[in-house]
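Step one of this worksheet: look at the structure below.
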Amino acid sequence: MIPVTTLKGKKVALFGLGGSGFATARALVAGGAEVTAWDDNPDSVVKAAAEGIPVADLRTIDWNGLSAFVLSPGVPLTHPRPHWTVDLAHAAGVEVIGDVELFVRERRAHAPDCPFIAITGTNGKSTTTALIAHILQSSGRDTQLGGNIGTAILTLEPPKAERYYVVECSSYQIDLAPTLNPSAGILLNLTPDHLDRHGTMQHYADIKERLVAGSGVAVIGVDDSYSSLIADRVERAGGKVTRISRRHVLADGLYAEGSRIIQASTGATSEIADLDGIQTLRGGHNAQNAAAAIAACLAVGISADDIRAGLKSFPGLKHRMQPVGRRGRVVFVNDSKATNADAAAPALSSYDHIYWIAGGLPKEGGITTLAPLFPRIAKAYLIGEAAPAFAATLGEQVPYEISGTLERAVAHAAADADKGEHETAAVMLSPACASFDQYKNFEVRGDAFVSHVAAVEGVTMLVSSATGGD
């Protein structure tokens, strides 16, 4: 835990006692703040009180005596309208901040020079975050991984010299971190997302820009117009910018040329890494993720040799294009995190002969946008509620069966892939759907896929069949 000492002896209100909110409340209490916490869920309030966290309905407290109001990132700050607690904070002139801001202040107070890499973007954040942490850990660095990737930032070890922090930041967290100042900040890309919480695409982009604007080195993907303009603005303001691209040759920065990552400086180029043969970094989207990771690691002093070694040994992000088993020329790929068509596209783009397991609780639009990738699919195995609709979309373009269950789909796909004549093939779970018709969440669905793969005769597992983990 990181005790929040910067608010010691000060009165602080907190709203939101979910996972990160509860961790934040504990850290504030541990640091000596006078906390008053609340949540709309009575069970969460009871649980907090049982742990000794002071609780009270924030409608009843004196806001004028507060030094800060800490809001959980899942609670609306601006859109569709501010949460009632935000209105009370603004009326009293109390600053509204989140857990990432509290971390930033603790780092500034206790170890301002410890390396801190923050990652944001619409797509690819989690893979890039996990890849950077792996490179640092495999090179022997004391590495702390957290943030939006699933570990609350204030549950990490306290800042100290030579301790490296790798933190995934959502737009909600950035919006609550006004003094965010990583050593290296990454903005991968920007496409419309979470506009129900940000109102407009421009506001969403403005929030993302804050992360790189405050960075020692700003690593920015320039393959979309919003991010490219942000790179220009940060540079004009005097910031140090490293541009990355998966689509364009750059005069300065890092770009992908097939599987090769090229480093360019004033027009001179050299290969810094080759992703060929690294199964966990297949595809153009992962070339961008790798380029960002390389740039950030270079910015915090990691050698090119250590970076290349880390790339080669990267086990992949669990449930995201994760090779989990192999039988001869057939690889089994867990892409359970692909819960809509856009999320499934990278995996389908990365293999040529795919025995595709798809379906679940359908999302709006179905799989029509994946039509250009249908030629890569040898056969589809449809499960869950979406099966009839997906079958109608596939029509005569792709052979398919309605398998119904994931267990049956894995068994049938494995048998068919074994009969195929292609040099390589992939049995892939990339559902393009939510999981909730058959599974609690995509993690449980992915673990079930791993277990079913382990039951296929002759498969060599690449991950633990018990948990689906590394």
Side-chain angles (χ1 to χ4, degrees), residues 1-92 94-103 105-106 146-158 167-170 172-173 175-177 194 196-197 434-436 439-444 447 467:
M1 180 196 294
I2 302 175
V4 181
T5 60
T6 51
L7 287 171
K8 182 177 181 179
K10 297 181 179 180
K11 293 181 178 179
V12 179
L14 177 145
F15 184 88
L17 289 166
S20 66
F22 213 99
T24 302
R26 287 192 188 108
L28 285 163
V29 170
E34 296 181 27
V35 179
T36 304
W38 193 246
D39 194 287
D40 288 332
N41 183 340
D43 292 340
S44 298
V45 174
V46 170
K47 181 182 176 184
E51 283 211 15
I53 296 169
V55 296
D57 188 334
L58 298 186
R59 296 177 182 87
T60 67
I61 68 170
D62 180 8
W63 284 78
N64 292 315
L66 296 179
S67 295
F69 172 50
V70 180
L71 186 68
S72 290
V75 181
L77 178 65
T78 56
H79 292 82
R81 70 173 308 279
H83 191 260
W84 60 266
T85 55
V86 176
D87 288 336
L88 290 173
H90 287 163
V94 177
E95 66 169 353
V96 183
I97 57 177
D99 60 347
V100 171
E101 176 66 18
L102 295 175
F103 164 78
R105 295 182 184 186
E106 290 303 308
N148 193 57
I149 198 168
T151 301
I153 191 168
L154 292 175
T155 65
L156 303 178
E157 293 298 314
V167 179
E168 179 184 327
C169 293
S170 70
Y172 306 157
Q173 290 171 316
D175 214 8
L176 292 164
H194 301 307
D196 58 327
R197 282 284 301 273
S435 61
F436 308 124
Y439 297 95
K440 180 181 178 181
N441 53 48
F442 74 82
E443 291 99 336
V444 173
D447 288 344
T467 65

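Hydrogens, waters and symmetry mates play no part in the numbers below; they use all other heavy atoms, side chains included.
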Minimum heavy-atom separation for Leu176 and Val96, please, with both atom names. CD2-CG1, 3.9 Å

Smallest separation among heavy atoms of Ser67 and Val94, with atom names: C-CG1, 4.4 Å

Straight-line distance of Phe69 CZ to Thr36 OG1, nearest 0.5 Å: 11.0 Å

Asp99 side, atom CG; Ser72 side, atom OG - distance, nearest 0.5 Å: 7.5 Å

Between His83 and Asp40, is there a side-chain heavy-atom distance shorter than 4.5 Å? yes

Check whether any side-chain heavy atom of Ile97 sits under 4.5 Å from a side-chain heavy atom of Leu102, and report yes or no. yes

State whether the side chain of Gln173 and the backbone N or O of Gly98 hold a donor-acceptor pair below 3.5 Å, judged by distance alone. no

Only pairs under 3.5 Å count here: list side-chain donor-acceptor contacts from residues 7-35, not counting sequence neighbours, and write none if there are none.
from, atom 1, to, atom 2, distance (Å)
Thr24, OG1, Ser20, O, 2.8
Arg26, NE, Glu51, OE1, 2.9
Arg26, NH2, Glu51, OE2, 3.0

Residues Ala92 and Asn64: closest non-hydrogen pair is CB-OD1, 3.9 Å

Listed by chain and number, what are the side chain to side chain donor-acceptor pair (under 3.5 Å) partners of Asp57, not counting sequence neighbours? Arg59

Once rounded to the nearest 0.5 Å, what's the spacing between atom CD of Glu157 and atom CD1 of Ile2? 8.0 Å

Heavy-atom closest pair (Leu58 atom, Trp38 atom, distance to 0.1 Å) is CG-CB, 3.7 Å

What's the shortest heavy-atom distance between Leu71 and Pro76, and which atoms? CD2-O, 4.2 Å

Rounded to the nearest 0.5 Å, what's the gap from OG1 on Thr155 to CD1 on Ile153? Could you check? 9.0 Å

